[in-house]
Amino acid sequence: MSLVGKKFPNIEIDAMSEMGDDLRINIFEEATKNEQKVLLFWYPKDFTFVCPTELHAFQEALGEFEKRNTKVIGASCDTNEVHFAWLNTAKENGGIEGVTYPILADTHRQLANILGIVDQDFEYDAEGNEIFTGSNVTYRATYLVDETGKIFHEAVNDMPLGRNVKEFLRLIDAYTHVQKHGEVCPANWEEGKDAMQANRASTAEYLANHQN
């Protein structure tokens with residue numbers, strides 16, 4: 001079930017800073033108390049394969065997110081200790097040394113289960129015994145949260161599929177445009193391009209002026 005349009009869960013979770021500090025982070029409060037947007041991205045597991053490419057990609061774009069008053073936070077179900085070990089592993093060895101944004105350590109899967117993004121299921125054998133199936137780690141889920149704590153975008157990728165970081169910058173730009181100007185953003189909209197009023201006449205005018 002989609003959570004778009006709803007408030008992000010108001011819950012505090014363990015996290016690790018790049019300096020090795022144990023933190024407690026509440027995504028809802030990060031957005032509302034600091035009057036900023038938050039990008040929270042979940043990845044399956046530390047010390048894996050696609051995951052470090054994504055963490056470094058978000059780090060490389062961190063300045064662009066900061067320009068947009070957006071805080072980036074990573075998350076998985078690994079422990080703070082595992083996060084810190086990975087943060088101290090060099091990039092050329094598959095590590096995430098150099099990543100500076102915090103990483104949630106949702107080891108009890110408290111938040112991940114609320115969001116419904118854990119790869120887990122339960123079946124029953126012939127005797128009625130419960131059998132757990134699934135990897136018990138999260139999919140590549142991404143949430144964009146606005147300054148009121150509302151989720152304005154969510155996406156969930158299967159584990160082999162890495163994300164396009166630039167698309168999240170575009171979505172933040174589009175949402176900010178809507179907030180500032182009250183217009184709606186058409187397909188493939190980018191900063192500086194024409195937007196529309198939310199009415200039939202404006203749509204007709206846009207389509208007439210933007211034919212392929």
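None of these values were measured; they are calculated from a predicted model.
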Hey, what do you get for [atom1] ([X]) to [atom2] ([Y]), rounding to the nearest 0.5 Å?
X    : Y    : atom1 : atom2 : answer
I13  : L40  : CD1   : CG    : 10.0 Å
F49  : E54  : CZ    : CD    : 14.0 Å
W42  : C51  : CH2   : SG    : 13.0 Å
K37  : E147 : NZ    : CD    : 3.5 Å
L115 : L3   : CG    : CG    : 6.0 Å
T142 : L39  : OG1   : CG    : 6.5 Å

Is [X] salt-bridged to [Y], cutoff N-O under 4.0 Å?
X    : Y    : value
E12  : R24  : yes
E191 : K166 : no
E190 : R170 : no
D158 : R140 : no

Got a sec: does the [atom1] of [X] have more than 12 other heavy atoms crowding it under 6.0 Å?
X    : atom1 : value
H108 : NE2   : no
N188 : CG    : no
K33  : NZ    : no
Q197 : CD    : yes

Validation row: [X], [Y] side chains within 4.5 angstrom (heavy atoms):
X    : Y    : value
V72  : E66  : no
V4   : H153 : no
L144 : I172 : yes
I25  : I73  : yes
Y101 : L55  : yes
R68  : D173 : yes
F47  : V82  : yes
M159 : V137 : yes

[X] side chain to [Y] backbone, donor-acceptor under 3.5 Å:
X    : Y    : value
S202 : N199 : no
D106 : C77  : no
D21  : S17  : no
R163 : F58  : no
T89  : A85  : yes
K91  : P52  : no
N26  : F28  : yes
D146 : T148 : yes

Once you measure the plane-to-plane angle for F8 and Y143, does it fall in the parallel (<30°), tilted (30-60°) or perpendicular (>60°) bin? perpendicular
Which label fits Y206 and H210: parallel for a plane angle under 30°, tilted from 30 to 60°, or perpendicular past 60°? parallel
Would you sort out whether Y175 and F152 count as a ring pair (Phe, Tyr, Trp, His ring centres under 6.0 Å), showing the intermediate values? CA-CA 8 Å; Y175 190 77; F152 65 92; 3.8 Å; yes
Chi angles and distances behind the ring pair (Phe, Tyr, Trp, His ring centres under 6.0 Å) call for Y43, W86: CA-CA 14 Å; Y43 61 92; W86 205 24; 5.8 Å; yes
Would a single hydrophobic cluster contain both L169 and V145, if residues Ile, Leu, Val, Met, Phe, Trp and Tyr are joined by side-chain heavy-atom contacts under 4.5 Å? no
Identified side-chain hydrogen bond (donor to acceptor under 3.5 Å, both in side chains) counterpart of H83 within the set D78, D14, D46: D46
